[in-house]
S.K.: 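There's a structure below that I have some questions on.
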2 protein chains.
Amino acid sequence: MADRFDCLRLENQLCFPLYAASREIIRRYKPLLDEIELTYTQYIAMLVIWEHRTISVKDMGARLYLDSGTLTPVLKKLEQKGLIVRRRDSGDERILNITVTDKGMALRDKAVNVPERMACSVKLTPEEAVSLCTILHKLLSDAE
Amino acid sequence: MADRFDCLRLENQLCFPLYAASREIIRRYKPLLDEIELTYTQYIAMLVIWEHRTISVKDMGARLYLDSGTLTPVLKKLEQKGLIVRRRDSGDERILNITVTDKGMALRDKAVNVPERMACSVKLTPEEAVSLCTILHKLLSDAE
DNA sequence: GTAAATTTGATTGAGTGCAATTTAATTTTG
DNA sequence: CAAAATTAAATTGCACTCAATCAAATTTAC
């Protein structure tokens, strides 16, 4: 019954549900993020910036697993919106520091309800959520 | 200790490891897919086409959770490579049927080692892989 | 101290994703 | 049957994502 191409069936791939679920979750964020006028990428960038207040582009890239080709236009957009400022480090001009503005901090108050509203949308038991998170971090940990 | 912004910390998001892991897996496919000159999206499209031999764009979209805006350019590229043909359905001209060519079927022989080589790259126990797959499908199932 | 190597971002180009609009074909309705 | 509604793809426009390349600043190694 099993033929040698079974491994190429879509349902036998681990990668595919991962990829599809990732896009599905981003889709569910969209209506919530529209309210605060952020794209998903801008949102996770702001999460890191809110945490650190000031952080270099390089360190942001390391936390988000994104390279400068992706981050540069996102950060320029966030600067345009007045949520952050981009300034070269005075000690080492190669480094670009990102700092959140007052307006950026004010947005955090509006963003704070996004995670709880998302939690309602994801119908996993707490055990499943923990298990999922653990396995994904294991996948990521032996990345790079 | 807990402040009301803890929910906005990157490490407390479920969405982020999902999104990062998805991109990480696609990155690991790249060197393998480069050998058969397919991008990741082209690869999962071919998985569906190999399974069905002939399938409409609409049905492909349903299986892959992708819309025509994404699929149309991917399928045109696959046609350019000679792996598939795109032909309107004779019964209902609104429908575009995708059919794999001999060259497309020949590529399957080269693709068959991709899944096993990927499995080696993903360091999960069988139990973890099953658990991950189950949870992801649950996430996807109450999508739409 | 200066040439070479490294580090940090920016830029460019190809390939997605997806919402919104358009076009063409078919089905439904009065 | 003809107008209206629906359906299937294609197109368009915006926003990533990433590889590859480039440019500027800094470190290092002689």
Side-chain angles (χ1 to χ4, degrees), chain A residues 15-16 18-31 33-34 37-46 55-62 64-81 84 86-98 143-144, chain B residues 15-16 19-31 33-34 37-46 55-81 84 86-98 143-144:
Chain A
C15 66
F16 177 68
L18 189 56
Y19 161 78
S22 170
R23 283 183 297 119
E24 171 59 25
I25 295 298
I26 292 175
R27 248 192 303 277
R28 287 198 213 167
Y29 266 100
K30 188 166 190 327
L33 295 180
D34 279 349
E37 292 179 293
L38 291 179
T39 64
Y40 179 74
T41 314
Q42 288 168 12
Y43 172 67
I44 61 166
M46 287 305 299
I55 184 173
S56 69
V57 173
K58 178 184 163 62
D59 290 345
M60 283 193 68
L64 297 173
Y65 303 89
L66 290 173
D67 75 1
S68 69
T70 302
L71 279 178
T72 296
V74 170
L75 294 172
K76 284 186 173 174
K77 190 77 186 194
L78 291 175
E79 184 176 48
Q80 260 182 36
K81 291 172 187 271
I84 62 165
R86 301 161 67 247
R87 229 179 349 236
R88 291 282 163 189
D89 190 283
S90 51
D92 183 342
E93 293 262 336
R94 289 172 305 182
I95 297 170
L96 186 69
N97 287 316
I98 305 302
E144 181 249 14
Chain B
C15 66
F16 176 68
Y19 161 81
S22 169
R23 285 183 296 118
E24 171 59 25
I25 294 299
I26 292 175
R27 245 191 303 276
R28 287 198 212 169
Y29 267 99
K30 187 165 191 325
L33 294 180
D34 279 350
E37 292 180 293
L38 291 179
T39 65
Y40 179 74
T41 313
Q42 289 168 11
Y43 173 67
I44 61 166
M46 287 306 299
I55 184 173
S56 69
V57 173
K58 177 185 162 63
D59 290 345
M60 283 192 67
R63 295 226 37 201
L64 297 173
Y65 304 88
L66 290 173
D67 76 359
S68 69
T70 302
L71 279 177
T72 295
V74 170
L75 294 172
K76 284 186 174 174
K77 192 76 187 192
L78 292 174
E79 184 174 49
Q80 260 181 36
K81 291 172 188 271
I84 61 166
R86 300 160 70 246
R87 229 180 349 236
R88 291 283 164 187
D89 189 285
S90 51
D92 184 340
E93 293 262 337
R94 290 171 306 183
I95 296 171
L96 186 70
N97 286 316
I98 305 302
E144 180 249 13

S.K.: Considering residues at least two apart in sequence or located in another chain, which fulfil the salt bridge (charged side-chain N to carboxylate O under 4.0 Å, His left out) criterion with Asp59(B)?
M.R.: none
S.K.: Please classify the nucleic acid contact of Gly61(B) as base, sugar-phosphate, or nothing, using heavy-atom distances under 4.0 Å.
M.R.: nothing
S.K.: Where is the tightest heavy-atom contact between Glu79(A) and Arg86(A), given as atom of each residue plus distance?
M.R.: OE2-N, 3.1 Å
S.K.: Side chain to side chain contact (heavy atoms under 4.5 Å, CB included) for Leu66(B) and Thr41(B)? Distances and angles first, verdict last.
M.R.: CA-CA 10 Å; Leu66(B) 290 173; Thr41(B) 313; 4.3 Å; yes
S.K.: Kindly say whether Gln42(B) contributes a backbone atom to a donor-acceptor pair with the side chain of Lys77(B) at under 3.5 angstrom?
M.R.: no
S.K.: How are the rings of Tyr29(A) and Tyr43(A) set to each other: parallel, tilted or perpendicular (split at 30° and 60°)?
M.R.: tilted
S.K.: Roughly, in whole Å, what's the span from CZ in Arg87(A) to P in dT8(C)?
M.R.: 20 Å
S.K.: Can you build the contact string for nucleotides 9-15 of chain C? Use B for base contact, S for sugar-phosphate-only contact, and - for no protein heavy atom under 4.0 Å.
M.R.: SBB---S
S.K.: In whole angstrom, give the distance that lies between atom CG of Leu78(A) and atom C1' of dC16(D).
M.R.: 13 Å
S.K.: OP1 or OP2 of dA15(D) less than 4.0 angstrom from a side-chain nitrogen or oxygen of Tyr40(A), does that happen here?
M.R.: no
S.K.: Starting from P on dT16(C), measure out to CZ on Arg27(B) and report it in whole angstrom.
M.R.: 16 Å
S.K.: Side-chain N or O of Tyr19(A) versus OP1/OP2 of dG17(C): is the shortest distance under 4.0 Å?
M.R.: yes
S.K.: Got a donor-acceptor contact below 3.5 angstrom from the Arg88(A) side chain to the Arg94(A) backbone?
M.R.: yes
S.K.: Scan Asp67(B) against the nucleic acid and name what it touches under 4.0 Å (heavy atoms): base, sugar-phosphate only, or nothing.
M.R.: base
